[in-house]
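Notes follow the structure.
Chain naming here is simple, since letters A, B, ... match the order of the sequence lines and numbering starts at 1 in each. Heavy atoms only: backbone and side chains are in, while hydrogens, waters and symmetry mates are out.
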Amino acid sequence: MKIATYNVNGVNGRLPVLLRWLEESAPDVVCLQELKAPQEKFPEQALLDAGYNAIWHGQKSWNGVAILAKGHTITEIGRGLAGDPEDLHSRYIEAMVNGVHIGCLYLPNGNPAPGPKFDYKLSWFRRFTEHAAKLVDSKTPVILTGDYNVMPTEMDVYKPESWVTDALFRPETRAAFAGVMGQGWTDAIRTLYPDEKIYTFWDYFRNAFARNAGLRIDHFLLNKAIAGKLTGGGVDGYVRGWEKTSDHAPVWITVK
DNA sequence: ATGTCCCACCCTGTGGGA
């Protein structure tokens, strides 16, 4: 089974890019982030025409997450994280697909830091960590994937020294990510490529993609029940070079 | 400090978020 994550940065603005990539990459399951579309403006029919069922949690202007699947039923488990009834952002949705528990997340960016947006990022991270704790030892295979807005280590940043005060790379953020990992999750892409620079995001500014000035911020976390079934993975970086493309590239893994 | 792209509204430009 091939499972992908893709921060599309506007599911309607990027629809031609999304459909072209789905056709070429043919993932079985896709987690999308940054739909930037209200619930009623999700392009359900275009995706059905491409062969993909979908569930989604939309929001006007910002955020928004979706799970797509080809040839499999998507059984929703829930949306949103427990622990803060005031949090109305659409940043989490989870479902069972083909016997795998799939969590699709869009962790807050958190800039500028410090400040209320950074506080929100860390509190969202705490709630996510509590949720992950309940899943790591499950006998059901669990994959938590999406835009974590964290570069876990210096290897994941083209120029670490210029990012140390950024919300995506501050010590508190990296510590929060390490806290989740400490529960026993496997970072699938880093496990497959322990020594390589792997990026999943390149800023629109300053010609970042051409310079390969990238960040690795889209991750797959595998629980113990599925970590041993990982067979491959990669970044569809060529998609980042297309016209009208997202600032993220799709990332995927295969599991047996 | 800058850069670029999305979305929504004040709606053919502007502002917020990333």
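The C1' atoms of dT2(B) and dC7(B) are separated by 23 Å, rounded to the nearest whole Å. The gap from the C1' atom of dG16(B) to that of dC10(B) amounts to 14 Å, rounded to the nearest Å. Taking atom P in both dA1(B) and dC5(B), the straight-line distance is 23 Å, to the nearest Å. Here, dT12(B) and dA18(B) have their P atoms 26 Å apart, quoted to the whole Å.
Annotation: cation-pi pair Arg174(A)/Phe169(A) present, NZ/CZ under 6.0 Å from the ring centroid and within 45° of its normal. A cation-pi contact, defined as under 6.0 Å to the ring centre and within 45° of the axis, links Arg170(A) to Phe118(A). Judged by the 6.0 Å and 45° rule, Arg91(A) forms a cation-pi pair with Tyr106(A).
Looking only at distances, no side-chain donor or acceptor of Glu76(A) sits under 3.5 Å from a matching main-chain atom of Ala95(A).
In this structure, Trp242(A) places its CH2 atom 17 Å from P of dC5(B), rounding to the nearest Å. The distance between atom CZ of Arg14(A) and atom C1' of dC5(B), rounded to the nearest whole Å, is 6 Å. Look at CD on Glu243(A): it is 13 Å from C1' on dT4(B), rounded to the nearest Å. Put simply, CG on Asn207(A) is 14 Å from C1' on dT2(B), counting in whole angstrom units.
Heavy atoms of Pro38(A) sit under 4.0 angstrom from primed sugar atoms or phosphate atoms, though from no base atom.
Summary of the strand contacts: Asp203(A) and Ala37(A) both lie near DNA chain B, and taking for each the nucleotide with the nearest heavy atom, the more 5' one is attributed to Asp203(A).
Salt-bridge check for Lys197(A) with Asp156(A): failed, with every basic side-chain N at 4.0 Å or more from each acidic carboxylate O. With respect to Asp84(A) and Arg126(A), no salt bridge is recorded, no charged nitrogen being found less than 4.0 Å from a carboxylate O.
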Its contact letters, B for base, S for sugar-phosphate only and - for none at protein heavy atoms under 4.0 Å, make nucleotides 12-18 of chain B read ----BBB
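The 12-atom threshold is not exceeded at CD of Glu23(A), counting heavy atoms of other residues, nucleotides or ligands nearer than 6.0 Å.
Taken together through direct or relayed side-chain contacts under 4.5 Å among Ile, Leu, Val, Met, Phe, Trp and Tyr, Met1(A) and Ile67(A) form part of one hydrophobic cluster.
Annotation for Asn109(A) and Ala167(A): closest pair O-CB, 3.4 Å, computed over non-hydrogen atoms.
The stretch residues 208-219 of chain A has no heavy atom under 4.0 angstrom from DNA chain B at all.
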